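Just below is one structure, and these are the notes that go with it.
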2 protein chains.
Amino acid sequence: MEITIIMFEDYETLDVFGPVEIFGRLVDRYTLKFYSLAGGIVTNRHGVHIVTEKLESLRNKPEILLIPGGLGTRLEVENPQLINKIKELALQSNYVLTVCTGSALLAKSGLLDGKLATSNKRAFTWVCSQNTNVNWDKKARWVVDGKYYTSSGVSAGMDMTLGFIADRHGEDLAKKVAWEIEYHWIEDKDCDSFSEKEYKDI
Amino acid sequence: MEITIIMFEDYETLDVFGPVEIFGRLVDRYTLKFYSLAGGIVTNRHGVHIVTEKLESLRNKPEILLIPGGLGTRLEVENPQLINKIKELALQSNYVLTVCTGSALLAKSGLLDGKLATSNKRAFTWVCSQNTNVNWDKKARWVVDGKYYTSSGVSAGMDMTLGFIADRHGEDLAKKVAWEIEYHWIEDKDCDSFSEKEYKDI
């Protein structure tokens, strides 16, 4: 299955490349493709310059859509061209995965209305304010509602991706990938230990 | 401080972007720059096309050198041009950090001779065979020997980077960054739970 990754200026580095590392390990099953509205090089504040293709050049319907978060989402929620494109592609996709504040972009499209979803715990109020018709879950590490997978902040995207692999191909394969990358997978999607934790508590 | 990241074809995605996410959070302290021998776009099997500058264009001595691993290292250990460049830059740097099989490249330069170091536990035999004059530590999550930081596989690079932050700026800052990215930092550098674990054990 092809994973269509929606890139925009000032995406969060690990929101993208955590899931990419995990899907990328399963070369027999997944292919990763990077797209953006304008195509070409997309950049973020960490200095990561990624080559993308134009979303318009996408010929087939996406099988899996991956939407990262990052500070760029603060601008992109006000970009109807991107939100409309996300809506169009998400409706066609078999699955839609968002990481961190990527769920704000999907929520803005209206497709999460009445559905359970989560997001970054440090940007939660802002994300919720983008669409109050979503049933925002502040406790979850990640949430599955039908074809929509939404994760909490940054590294939670890796846990969600392993959860997605487990749901599709069994828990053994997810554990094998986690083992290969020496990653301690947080398997409990319903409990994010960061949901209530303030920095002063740690 | 500027972090000089050495890129080559078929680097491991998370070896690079885990540390980048962490250093990138500390914009007041660190700047990230991507370099390769030839410059231009560097690619890996996950389909990540990164824009790099030519190593020759590096004008000042590097402050921190970051060397990722990945399957590409199997070829690059036999590339004297890259190994010599790594040696030259590592000698000038204040600190050198390697992730996963990146330590094989550094070991090949001879700079780890007589020093403690570690690497990916699944490629350990191959890494050790690159230079038997290194004191390879199979138990560690990451190892510090003077200015050299070497980590175990893939996601261990994030733990090492947080350890590096803790060593330079105090544990509080490292914990704050881990909290911001909702990452469960494995703080114990001396014990990698993956060191003896086989896939059948999990």
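In what follows, chains are A, B, ... by sequence order, proteins preceding strands, each numbered from 1. Source: prediction; values computed, not measured.
- When all heavy atoms are compared, the tightest approach of V99(A) to G157(A) is CG1-CA, 3.8 Å.
- E182(B) and R122(A) are joined by a salt bridge, as a carboxylate oxygen and a charged side-chain nitrogen come within less than 4.0 angstrom of each other.
- If you measure heavy-atom distances from F34(A) to chain B, the contacts under 4.5 Å come from the side chain alone.
- The aromatic rings of W185(A) and W142(A) lie parallel to each other, with less than 30° between the two planes, well short of the 60° mark.
- A pairwise comparison of heavy atoms in K121(B) and A140(B) identifies NZ-O, 2.7 Å as the closest pair.
- The parts of V48(B) that come within reach of chain A are both its backbone and its side chain, each placing non-hydrogen atoms under 4.5 angstrom from that chain.
- Residue T52(B) comes nearest to G40(B) through the heavy atom pair OG1-O, 2.6 Å, listed as atom of the first residue, atom of the second, then distance.
- Under the 30°/60° scheme for interplanar angles, the aromatic rings of F17(B) and F17(A) are found to lie parallel.
- Residue contact with chain B, scored on non-hydrogen atoms closer than 4.5 Å, involves the backbone and the side chain of I50(A) alike.
- At a 4.5 Å heavy-atom cutoff, the contact between Y183(B) and chain A is made by backbone and side-chain atoms alike.
- Both the backbone and the side chain of L14(B) come within contact range of chain A, each with at least one heavy atom under 4.5 Å from a heavy atom of that chain.
- Within the 4.5 angstrom heavy-atom criterion, only side-chain atoms of I186(B), from C-beta onward, approach chain A.
- There is no contact between K33(B) and chain A, counting heavy-atom distances below 4.5 Å.
- Looking at N120(B), the atoms closer than 4.5 Å to chain A (heavy atoms on both sides) sit in the backbone and in the side chain alike.
- Contacts of R141(B) with chain A are made by side-chain atoms alone, with heavy-atom separations under 4.5 Å and no backbone atom involved.
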